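Per chain, numbering begins at 1; letters A, B, ... match sequence-line order. Heavy-atom basis, side chains included; hydrogens, waters and symmetry copies ignored. Every value quoted in this text rests on a predicted model; they were computed, and no experiment measured them.
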Amino acid sequence: MSDAAKKFMYVNRRAPYGTVYALEGLEVVLIGAAFDQDVCMAFIDDGVFQLKKGQDTKDSNMKNFSPTYRALGDYEVTKLYVDKESLEQRGLGEDDLMDLTYEDEDDDYNEKPSIRIVSRDELADLMEQQDVILNY
Amino acid sequence: MKFAILVNEGPYQHQAADTAFNFTKAALEKGHEIVRVFFYHDGVNNGTRLTTPPQDDRNIVNLWSELAKEHDLDLVVCVAAAQRRGIVDEDEAKRHGKDANNIAEGFRISGLGQLIEMGIKADRLMAFGD
């Protein structure tokens, strides 16, 4: 990563289906990975549903794009911050989310979890540090 | 200051398109630089020349085209979002075997890399939408 890298945060606030924002937001993250910036994602409000395990869209005829989140680690998108309060408000816990991991190249390629459950205060601090926030 | 403008909503449906236009115009009048205007999600619908609003209403597409001409603005419509919503230029129409194109004057179709790049180049990226 170059010294000039900017800090990008992709904020996901909407459920995965129902509107196209989550799908098209994820497309930006994947393309953006080629630019070698300091990238993270935040999941708040209904956005936490994007990471839910066992998504099945057969009956709604929508494209199930949830497997794509598993590829994020390979794109070096390794910081996925999930708002604890949003999870709790929806009756969800960490166990309800997909097991997303990445291989840490600075630590002998050990597999580590990408998802980090954070408080709203921690999220606010993280947002404060960003150069660019893209919000879907 | 160098601004990058992101328009995430379509014209008329949502005020975001108007607000983005007004912001861009005001920033230019104050002597700021607009690195690029990028149209994403339903925002790509700001780039069709077939838009025909009632005569007593503003024509948002034409407003963008005129502003682009006056200030040599780079108006970029996301190709993936545009394909989903039927916004095509001559090349895209040919590539996908369509019988017409509808891109408005002053707009061009390109990839999402242009969105990331403008975020890197600008001092501030301003996003308009919900």
query: Do other residues, nucleotides or ligands put more than 12 heavy atoms under 6.0 Å from Asp57(B) CG?
result: yes
- line: Counting heavy-atom pairs under 4.5 angstrom with chain A, the leader among Ala80(B), Cys78(B), Gly119(B) is Gly119(B)
field: Residues, nucleotides or ligands: over 12 heavy atoms within 6.0 Å of Gln15(B) CD
entry: no
- request: Supply the atom-to-atom distance Tyr136(A) OH to Asp130(B) CG, rounded to the nearest 0.5 angstrom.
  value: 14.0 Å
- prompt: Does a sphere of radius 6.0 Å around CG in Asp99(A) hold more than 12 heavy atoms from other residues, nucleotides or ligands, not counting ones at 6.0 Å or beyond?
  reply: no
task: Flag the pair Lys6(A) and Glu117(B) as a salt bridge only when some basic side-chain nitrogen lies within less than 4.0 angstrom of an acidic carboxylate oxygen.
output: no
field: Neighbour count >12 (heavy atoms, 6.0 Å) for atom NZ, Lys112(A)
entry: yes
- prompt: Measuring heavy-atom distances to chain A, does Leu115(B) have an atom under 4.5 Å in its side chain, in its backbone, in both, or in neither?
  reply: side chain
statement: Turns out that what part of Arg124(B) lies under 4.5 Å from chain A's heavy atoms comes down to neither
- prompt: Roughly how far, to the nearest 0.5 Å, is CG of Leu125(B) from CZ of Phe8(A)?
  reply: 7.5 Å
message: So, taking the atom named CG in Leu23(A) and the one named NE2 in His41(B), what distance separates them when rounded to the nearest 0.5 Å?
response: 9.5 Å
query: What part of Ala122(B) is in contact with chain A, defined as an atom under 4.5 angstrom from a non-hydrogen atom: side chain, backbone, both or neither?
result: backbone
statement: Whatever's closer than 4.5 Å to a heavy atom in chain B on Leu134(A) counts as side chain
- prompt: Is it the backbone or the side chain of Ala81(B) that comes under 4.5 Å from a heavy atom of chain A, or both, or neither?
  reply: both
- request: Taking all non-hydrogen atoms of both residues into account, name the closest pair between Val28(A) and Ile116(B) and its distance.
  value: CG1-CD1, 3.8 Å
task: Decide if atom NZ of Lys84(A) counts as having more than 12 heavy atoms of other residues, nucleotides or ligands within a radius under 6.0 Å.
output: no
message: Does atom CD (Gln89(A)) have a neighbourhood of more than 12 heavy atoms from anything else shown, all under 6.0 Å?
response: yes
task: Would you kindly confirm whether Leu6(B) and Ile133(A) end up in one hydrophobic cluster when ILVMFWY residues are joined by side chain heavy atoms under 4.5 Å apart?
output: no
- prompt: CD of Glu90(B): more than 12 outside heavy atoms within 6.0 angstrom?
  reply: no
Verdict with reasoning, Val20(A) to Arg85(B), per side-chain contact (heavy atoms from CB on, under 4.5 Å): CA-CA 12 Å; Val20(A) 80; Arg85(B) 295 165 178 85; 3.3 Å; yes
query: More than 12 heavy atoms of other residues, nucleotides or ligands under 6.0 Å from CD of Gln129(A): is that the case?
result: yes
query: Donor-acceptor pair, Tyr40(B) side chain versus Glu24(A) backbone, under 3.5 Å?
result: yes
